[in-house]
Amino acid sequence: MINLIITLSLLALFLVCAACLKKNIKKQKYLTATFDKIDQMTGIEFEKLLKAYYQQLGYKVQLTKTTGDYGADLILLKNGRKYIVQAKRYKSKVGIQAVQQIVAAKAVYNAQSAIVVTNNYYTAPAWQLANANHVYLIDRDGLKKIQKEVNKCG
């Protein structure tokens, strides 16, 4: 009987370790992604990439549901502050609609800061609206800087 309990305990421990290892392998896949790979990601994969990046930078990160999220894809918590992030993996410049959505989401989620992150760049009207509403825009160049910071942490 004791052998059975020990065996079951070891099996449970093994399954937990295997699940953690699988999760870490997936996270590592995102942390080591090149920009060629990032440009080929789906929107959901890009959200998971940003989740891995922000976790590596010390944020507690929650992905929102894929539909009905009011424009926020991630919720970040750090030092008592709540940030919402909209992820835009685009093949062309991101327009004003992304800024409009995250401004609305900021109120819905009661966040202190709103951020839009893209693998591309933003249109001039998007920059203007973001500045007027205190929204942080992170474009391709900014994302490369975040990637460098993440690589320093790893």
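Taking 4.5 Å as the limit, some side-chain heavy atom of Arg140 sits within range of a side-chain heavy atom of Phe35. Counting heavy atoms from C-beta on, the side chains of Ile75 and Thr64 come closer than 4.5 Å. Using a 4.5 Å heavy-atom cutoff, the side chains of Tyr53 and Leu74 are not in contact. A 4.5 Å side-chain heavy-atom check between Thr118 and Leu143 finds every atom pair outside the cut-off. A 4.5 Å side-chain heavy-atom check between Leu63 and Ile44 finds every atom pair outside the cut-off. Residues Val85 and Tyr59 form no side-chain contact, since every pair of their non-hydrogen atoms from C-beta on lies 4.5 Å or further apart.
For the residue pair Gly95 and Thr123, the shortest heavy atom distance occurs at CA-OG1, 3.6 Å. Here the closest non-hydrogen pair linking Ala126 and Leu137 is O-CD1, 3.8 Å. The two atoms that bring Asn119 and Tyr90 nearest to each other are OD1-N, 2.7 Å, heavy atoms only. Closest approach of Val116 to Lys88, counting heavy atoms only: CG1-CG, 4.1 Å. Residues Ala114 and Ile102 come closest through the heavy atom pair CB-CG1, 3.7 Å.
A cation-pi contact, defined as under 6.0 Å to the ring centre and within 45° of the axis, is absent between Lys82 and Tyr109.
Using modelled atom types, one side-chain atom of Arg89 and one backbone atom of Met41 make a donor-acceptor pair closer than 3.5 Å. A donor-acceptor pair under 3.5 Å links the side-chain atoms of Gln86 to the main chain of Gly71, judged by distance alone. At distances below 3.5 Å, not a single donor-acceptor pair connects side-chain atoms of Lys106 with backbone N or O atoms of Asn133. At least one donor-acceptor pair closer than 3.5 Å links the side chain of Gln147 to the backbone N or O of Ala33. Side-chain atoms of Asp139 come within 3.5 Å of backbone N or O of Asp141 as a donor-acceptor pair.
Salt bridge absent: Lys48 and Glu45 never bring a charged side-chain N and a carboxylate O closer than 4.0 Å.
Cluster membership check: Val150 shares its hydrophobic cluster with Leu50, using side-chain heavy-atom separations under 4.5 Å among Ile, Leu, Val, Met, Phe, Trp and Tyr.
Rounded to the nearest 0.5 angstrom, Thr32 OG1 and Asn151 CG are separated by 8.5 Å. Rounding to the nearest 0.5 Å places CG of Leu76 at 10.0 Å from CD of Gln62. Taking CG from Leu77 and CD from Gln112, the interatomic distance works out to 9.0 Å, rounded to the nearest 0.5 Å. Rounding to the nearest 0.5 angstrom, the gap separating the OG1 atom in Thr34 from the CG atom in Asp39 is 8.5 Å. Note: Thr42 OG1 to Glu47 CD = 8.0 Å, rounded to the nearest 0.5 Å. Taken to the nearest 0.5 Å, the CD atom of Gln97 stands 7.5 Å off from the CD atom of Gln101.
Atom NZ of Lys60 sits in a sparse spot, with 12 or fewer heavy atoms from other residues, nucleotides or ligands closer than 6.0 Å. Residue Lys93 qualifies as open at atom NZ: its count of foreign heavy atoms under 6.0 Å is 12 or below. The 12-atom threshold is exceeded at OH of Tyr121, counting heavy atoms of other residues, nucleotides or ligands nearer than 6.0 Å.
Ring-centre distance between Tyr136 and Tyr83: not below the 6.0 Å cut-off.
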